[in-house]
Amino acid sequence: MATIEIKPGIYSVGAIDWDRRLFDELIPLPNGTSYNSYLIQGSEKTVLIDTVDPTKQDELVNNLKKLGITNIDYIIANHAEQDHSGAIPEILKLYPIAKIVCTAKCKEMLMDLLLIKEDKFITVNDRETISLGNKTLEFIHFPWVHWPETMLTYLKEDKILFPCDLFGSHLATSDIFAVDEPKVYESAKRYYSEIMMPFRIIIKKNIDKIKGLDIEMIAPSHGPVYHKPDFILTAYKQWVSDKVKNEVIIAYISMHGSTAKMVDYFINKLIEKNITVKPFNLTKTDIGELAIALVDAATIVVASPTVHIGAHPNVIYAVHLVNALRPKLKFVSIIGSYGWGNKLVEQLTGILSNIKVEIIEPVIIKGYPKKDDFGLLDRLAEEIYKKHKECNLIS
Ligand code: FEO
């Protein structure tokens, strides 16, 4: 990434990872990502906010050299995860007087993860400030976005919030600012669904901590800078709220066509009732697309054939993912087909221990669907329709 001055004396000095396609060896990144780092030159002190993934540390170092930076006083570590902290040891080698400013928990984690010595740290309390001369940094403890040690940094005079992962997007782009709003929205929603959604309740509670701040810009550590902060703040407000959309996700697999026949019929029944349907064939889908759909949907219906009396392994994985991501779903149901016996319902509902949902009576049939089975699917569609009508829906 080129060095770009986002405001006088404040530079973006991080790196774009155009080719990365998997994060944590788990999360698909169809649009790559970036590791943003910001250099602030105050009249008395120079600060680096977060660093980059260690695979990109040479880019960060080159960017600092291009700017002629000979001294860094503070490295602000908003988060200990290595995609932001991993280059700290290299920066400390080049700028040995620099101190790491972070929460006490972050200090402990950085000492564990990166073997940094204790005397390199300054820990800060919630709302503590440090002066850079003509600029002031305020630290806002904001745990669990998405690790326990996280904080946000607010640059008072320039009204910039540096929230690290919070509000970020996995998006490699040459745009420094979020000008392509539909693209950034989708990437930020994917990011929220995969990283932040399990912490929705705590984010909803803590987000009040930034309500009183005058924010002109939000500069996260992944994806473009929000020069119109309301864009992402409004999106988060909806995503973390308890309101859901009149939507049904159908996550399915069919081996010999019986479950597929049920799914096809059921999709049409829901459409007839003006319910938005989002089907995901789990043998083909990008699992991140399923995660995005989980941000707003009121209901998920899981559809599976029977494999050794249980659900198909890919269905089990998807249900595990739903349980881990803890979406604000209100209702779950299961449909499926078996040959001679099954424990689909016990197995799949048993996985969903993290989320409080109402289970709507499943439809599990023997063999290929027959007339009475379609009647059961009609009943399920009607029940979902009625339940959604009673919900607090996003209009
Ligand atoms: Fe971007 Fe939690 O690291």
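All heavy atoms count here, side chains included; hydrogens, waters and symmetry mates do not. One-based numbering, in listed order, for ligands and for the atoms of each. Since the structure is predicted, the reported quantities are computational estimates derived from the model, not experimental observations.
- In summary, the side chains of His146 and Glu81 do present a donor paired with an acceptor at a separation below 3.5 Å, with no hydrogens or angles considered.
- A side chain to side chain contact (heavy atoms under 4.5 Å, CB included) with Asn31 is found for exactly one of Lys183, Glu186, Arg20, His170, namely Lys183.
- A donor atom on one side chain and an acceptor atom on the other are not found under 3.5 Å apart for Lys65 and Asn62.
- Tyr38 contributes a side-chain N or O that, together with a main-chain N or O of Pro220, makes up a donor-acceptor pair within less than 3.5 Å.
- Taking the ring centre of Tyr35 as origin, the terminal cationic atom of Lys56 falls outside the region bounded by 6.0 Å and 45° from the ring axis.
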Under 3.5 Å, side-chain donor or acceptor atoms of residues 371-381 against the rest of the protein: list the pairs with distances, not counting sequence neighbours.
from: Asp373; atom 1: OD2; to: Lys370; atom 2: N; distance (Å): 2.8
from: Asp378; atom 1: OD1; to: Tyr265; atom 2: OH; distance (Å): 2.7
from: Asp378; atom 1: OD2; to: Tyr265; atom 2: OH; distance (Å): 3.3
from: Arg379; atom 1: NH1; to: Glu361; atom 2: O; distance (Å): 3.2
from: Arg379; atom 1: NH2; to: Glu361; atom 2: O; distance (Å): 3.4

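- For atom 2 (Fe) of ligand 1, protein N, O or S atoms under 2.8 Å: 4 in total.
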